[in-house]
Amino acid sequence: MANKNIDHAFTARGKTGHSYEPTYAGALSFMRRKYTKDVKGADAVVWGIPFDAAVTNRPGARFGPQAIRRASAIFDNDPQYPFSREFFEHLAVIDYGDCLLDTGNHQKTPGIIEREAAKILKSGAFLLSLGGDHFVTYPLLKAHAAVHGPLAFVQFDAHQDTWPDDGKRIDHGSFVGRAVKEGLIDPDRSIQVGIRTHAPDTFGIKILHGYEIEEMRAADIAYAIVERTGGRKTYLTFDIDCLDPAFAPGTGTPVSGGPSSSKILSTLRLLSQIDMVGADVVEVAPAYDHADITAIAGSTIAMHYLGLLAERKARAEENTNQTHAGQDI
């Protein structure tokens, strides 16, 4: 028991370091990271947005952040597969908790999310958001575009989310078209992966349909994403209904014919060349889940985002050390 602790989410003294507690006990922050509003020195901030008033089918994604955090307890701080590294030895990550929303006034929701996201991004930390329905990505894009300019956009989804929008709707099925119109994303550098429905307009975004990726290797999908984004600063959004309902039943608008979790996780693993500046996982609705299948998929996707960040930081530190070594010769 010498190396064991409990409730690391509260007892941790810093933003790095490991948790050694039973997977079935303790406070359930994301991957046992310290709960704090102090973002100073954090490389990445995990933030929950429990909102699902924009859904067009089954509600329940407001419970997504809780479910994803709970499922993340299986990541017990061994070297994480397939990254073969302990993320938190050098990567400083905090769990910022959840966004406080006015449940009686949904028109205020976009502004609340955008302002809080902007506050976090001002620190220079990477923001990993846990939804919530897919509408929450719209104010997140506004906050990120305010920092980086028009973004390349990678969307894993069964739906295009480009239905008509008057610029005022609170709707998870139209936010992508609005983001294009408002210049938040560059459609020529954006791609949607796993689409299995039709919408009236693509807005110029490249689409890899569900039947196409069924015939593609993960390496081919990753290549298409890297080529399309072209080195631009990129926001990644993952609607869990991108996965076939066999792998993610707990979601509001499931669509048959999607990819396996294995294929898509293998794709994410190959996106180290992407200049990822922000990311989210949305539409996990645990009321329709079974044995935490969907929550486990969502938490694993979020873990992969952090794995890519950990690798990026490790490469940067190695390059810095090599440069210093060369100057010393």
Side-chain angles (χ1 to χ4, degrees), residues 1-51 61-81 83 85-101 113 116-117 119-121 123-132 136 140 238 240 250 278-282 284-286 289 291-292 294-310 313:
M1 295 292 291
N3 293 326
K4 295 289 184 179
N5 62 12
I6 198 73
D7 296 327
H8 187 265
F10 298 117
T11 60
R13 295 182 179 179
K15 297 179 175 67
T16 56
H18 310 294
S19 163
Y20 301 97
E21 56 192 293
T23 58
Y24 53 82
L28 294 174
S29 61
F30 185 75
M31 292 184 74
R32 308 289 191 176
R33 294 303 86 204
K34 183 178 182 180
Y35 270 125
T36 179
K37 300 295 185 184
D38 177 13
V39 300
K40 184 178 180 180
D43 296 308
V45 173
V46 181
W47 184 41
I49 310 177
F51 176 80
R62 68 181 63 184
F63 298 105
Q66 288 181 355
I68 292 171
R69 287 185 174 106
R70 183 176 67 251
S72 76
I74 63 173
F75 304 123
D76 57 0
N77 292 296
D78 289 332
Q80 294 301 324
Y81 180 85
F83 296 92
R85 67 176 65 244
E86 296 178 352
F87 293 175
F88 307 122
E89 185 174 352
H90 300 292
L91 191 72
V93 182
I94 65 166
D95 191 324
Y96 194 78
D98 285 349
C99 183
L100 177 62
L101 299 169
I113 296 171
E116 187 106 14
K119 178 182 175 182
I120 296 169
L121 292 174
S123 72
F126 181 94
L127 178 57
L128 168 53
S129 302
L130 310 176
V136 305
L140 289 171
F238 200 110
I240 206 68
D280 64 50
V281 183
V282 298
V284 172
D289 209 358
D292 285 341
T294 312
I296 290 169
S299 67
T300 307
I301 290 160
M303 180 272 284
H304 274 59
Y305 289 149
L306 293 183
L308 293 173
L309 291 180
K313 184 171 185 180

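Residues take their numbers from the sequence shown, with the count starting at 1.
Atom CG of residue L140 and atom CD1 of residue I120 lie 9.0 Å apart, to the nearest 0.5 angstrom. In this structure, R33 CZ and T16 OG1 are separated by 8.0 Å, a value rounded to the nearest 0.5 Å. With rounding to the nearest 0.5 Å, the separation of CG in D98 from OH in Y35 is 7.0 Å.
Of all heavy-atom pairs between V45 and A125, the closest is CG2-CB, 3.8 Å. Minimum heavy-atom separation, L28 to A73: CD2-CB, 3.9 Å. Counting all heavy atoms, side chain and backbone alike, P50 lies closest to C99 at CD-O, 3.8 Å. In this structure, A117 and L127 approach most closely via the heavy-atom pair CB-CD2, 3.8 Å. Between F30 and R69 the shortest heavy-atom distance is N-CG, 3.9 Å. Minimum interatomic distance between G64 and P286 (heavy atoms only, all atoms of both residues): N-CD, 4.1 Å.
Side-chain contact check for L306 versus Q80: every heavy-atom pair is 4.5 Å or farther apart. Side-chain atoms of K15 and F88, non-hydrogen and from C-beta on, never get closer than 4.5 Å to each other. Using a 4.5 Å heavy-atom cutoff, the side chains of P79 and E86 are in contact. Looking at heavy atoms from C-beta onward, D292 lies in side-chain contact with R70 at the 4.5 angstrom threshold. Put simply, the side chain of I49 reaches to within 4.5 Å of the side chain of I113, judged on heavy atoms. Side chains of L101 and R62 form no contact here, defined as non-hydrogen atoms less than 4.5 Å apart. A 4.5 Å side-chain heavy-atom check between W47 and V39 finds every atom pair outside the cut-off. A 4.5 Å side-chain heavy-atom check between I6 and P22 finds at least one atom pair inside the cut-off.
In terms of modelled atom types and a separation under 3.5 Å, the side chain of D43 and the main chain of A92 share a donor-acceptor contact. Using modelled atom types, one side-chain atom of Y305 and one backbone atom of D280 make a donor-acceptor pair closer than 3.5 Å. Between the side chain of H8 and the backbone N or O of H18 there is at least one donor-acceptor pair closer than 3.5 Å. With hydrogens and angles ignored, the 3.5 Å screen pairs no side-chain donor or acceptor of R32 with any backbone N or O of Y20. Distance alone, capped at 3.5 Å, is enough to place a donor-acceptor pair between the D289 side chain and the T294 backbone. Under a 3.5 Å cut-off, the side chain of D7 and the backbone N or O of A9 do not form any donor-acceptor pair.
Sparse packing is recorded around CZ of F63, with 12 or fewer heavy atoms of other residues, nucleotides or ligands lying under 6.0 Å away.
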Item to check | Verdict with supporting geometry, F87 and R85, side-chain contact (heavy atoms from CB on, under 4.5 Å) | outcome: CA-CA 6 Å; F87 293 175; R85 67 176 65 244; 3.9 Å; yes
Checklist entry - Can you check side-chain contact (heavy atoms from CB on, under 4.5 Å) on H304 and F238, steps first, answer last? => result CA-CA 12 Å; H304 274 59; F238 200 110; over 6 Å; no
Next on the checklist: I'd like to know whether I240 forms a side-chain contact (heavy atoms from CB on, under 4.5 Å) with I301, so could you lay out the CA-CA distance, the side-chain angles of the two residues, the decisive distance to 0.1 Å, and finally the verdict.
Outcome noted: CA-CA 9 Å; I240 206 68; I301 290 160; 3.6 Å; yes
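Judged by the 6.0 Å and 45° rule, K34 forms no cation-pi pair with F10.
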